[in-house]
Protein chains: 2
Amino acid sequence: MALNPKVFEEVSKIFKAYLETKELRKTPERFAILEEIYSRTEHFDVESLFISMQEKKYRVSRATLYNTLDLLEDCFLVTRHQFGKNMSQFEKSFPNRQHDHLICTDCNKVVEFCDPRIYSIQKMMEETQSFKVIHHSLTFYASCTKKDCDNFGKNNSVYRQSENQSNS
Amino acid sequence: MALNPKVFEEVSKIFKAYLETKELRKTPERFAILEEIYSRTEHFDVESLFISMQEKKYRVSRATLYNTLDLLEDCFLVTRHQFGKNMSQFEKSFPNRQHDHLICTDCNKVVEFCDPRIYSIQKMMEETQSFKVIHHSLTFYASCTKKDCDNFGKNNSVYRQSENQSNS
DNA sequence: CTCGGTGCAAAGCTTTTGCATCCGC
DNA sequence: GCGGATGCAAAAGCTTTGCACCGAG
């Protein structure tokens, strides 16, 4: 929907370079998937990607989607998240800045944020632990204190309700 | 193996109070599962818990394990993690301090750490976003720079190898 | 022409559900 | 005794795999 041509050109280049480095083939399916992902603005799961691509010109199988997502994650063009129990969610990596997430446990609303202190923690970990950090994931699980939250007040008891893991 | 009686007595009390609050039954299975979890020192998954309990006196079903883990998570006696794609991992919450994880993408080794800066980020998020943070999850994915890492050097290319998600 | 990639369907694995039985309250 | 909890097995849901065919290099 909102594909930025310049961004797409740029990430295509990166993907091509990656495929060449790994001696993998530059198939039309792989670039169609990249294009579809970079047309999206929100987080998505494999199933919604599969449906979107079926509705359009391309007929790709789930197997190809999983394969390509692994490649795109490997070359840092998409980021994988594990918010819920049984489903990976993905998002494009560019032009987003590195960011993290706050998730409302009432309505599953996602707020993105960015904080330099995480980078300083990372630096310290690398120095003290002899690791090279490749990426990180920080998620706050929270309940909304605003009255306009879809589920305001549902979780104000001492113990949380069991969470609804489905997407809103 | 390493069950601390005082800790177990304490968490049993908490679990009892929780069950009473929710008007749920205090079944022997539930306390057997709590005991098994608090005998463990490492992260674990449902299957390994199932096998451990089968090898011992208690015969609990997977269904009961899942049910009880939900309850224990709900009253904060157990913490759930989503390190990999398709499997929840758990750990006891006490007497551990709040901590986070660094995972070696080569050998899946887990390092725990603790940093007060995360709490300050959380505080700021609560103030600016009108959310009450219930818990958080921060994980660094890293490759080891030490020669004694089980897989030292395997991931030193520009692009990561596809990760082995099985437990070491 | 070769062999990696694809689509399809079946299999795999974790987690959930249905139902008869059991037992805490 | 009532109704929630359990065990078992079957089902569900996401992901991977096997195989024949296709097409990029």
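Quick note on labels: first sequence line is chain A, next is B, and so on, each numbered from 1.
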Inset, instruction - For side-chain hydrogen bond (donor to acceptor under 3.5 Å, both in side chains), just list the numbers for Gln89(B) and His101(B), CA-CA rounded to whole Å, side-chain angles, deciding distance to a tenth of an Å, and then say yes or no. - result: CA-CA 13 Å; Gln89(B) 291 196 54; His101(B) 301 93; over 6 Å; no
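For the pair Tyr66(A) and dT15(D), the criterion of a side-chain N or O lying under 4.0 Å from OP1 or OP2 is met. A close approach under 4.0 Å does occur between a side-chain nitrogen or oxygen of Thr64(A) and OP1 or OP2 of dG7(C). Of the side-chain N and O atoms in Asn67(B), one or more sit less than 4.0 angstrom from OP1 or OP2 of dT6(D). One finds no side-chain N or O of Ser88(B) lying less than 4.0 angstrom from the OP1 or OP2 phosphate oxygen of dT14(C). Put simply, Arg30(B) has a side-chain N or O that comes within less than 4.0 Å of OP1 or OP2 on dT6(D). Note on Thr27(A): every side-chain N or O is 4.0 Å or more away from OP1 and OP2 of dG23(D).
Proximity of a side-chain donor or acceptor of Ser88(B) to a complementary backbone N or O of Arg80(B) within less than 3.5 Å is not detected.
Rounded to whole angstrom, the span from the CG atom of Asp70(B) across to the P atom of dT16(C) amounts to 6 Å. As a whole-Å value, the separation of Tyr58(A) OH from dC22(D) P is 19 Å. Regarding Glu29(B), its CD atom lies at a distance of 8 Å from the P atom of dC23(C), rounded to whole Å. Rounding to whole angstrom units, CD of residue Gln82(B) and C1' of dT14(C) are separated by 11 Å. Here dT15(C) presents its P atom at 13 Å from CZ of Phe50(B), a figure rounded to the nearest Å. Spacing between atom CG of Leu71(A) and atom C1' of dT15(D) amounts to 16 Å, rounded to whole angstrom units. Spacing between atom CZ of Arg62(B) and atom P of dC8(D) amounts to 10 Å, rounded to whole angstrom units. Atom-to-atom, CD of Gln89(B) to C1' of dC13(C) comes out at 15 Å; the value is rounded to the nearest Å.
Ion pairing of Glu36(A) with Arg40(A) is present here, as a side-chain N (NZ or NE/NH1/NH2) and a carboxylate O approach within less than 4.0 Å. Salt-bridge check for Glu9(A) with Lys6(A): failed, with every basic side-chain N at 4.0 Å or more from each acidic carboxylate O.
Each of Leu24(B) and Leu24(A) lies near DNA chain D, and the nucleotide nearest Leu24(B) is the one positioned closer to the 5' end. The residue among Glu23(A) and Leu65(A) whose nearest nucleotide of DNA chain C lies closer to the 5′ end is Glu23(A).
Under the 30°/60° scheme for interplanar angles, the aromatic rings of His135(B) and Tyr141(A) are found to lie parallel.
Scanning atom types as modelled, no donor and acceptor separated by under 3.5 angstrom connect the side chain of Arg25(A) and the base of dG5(C).
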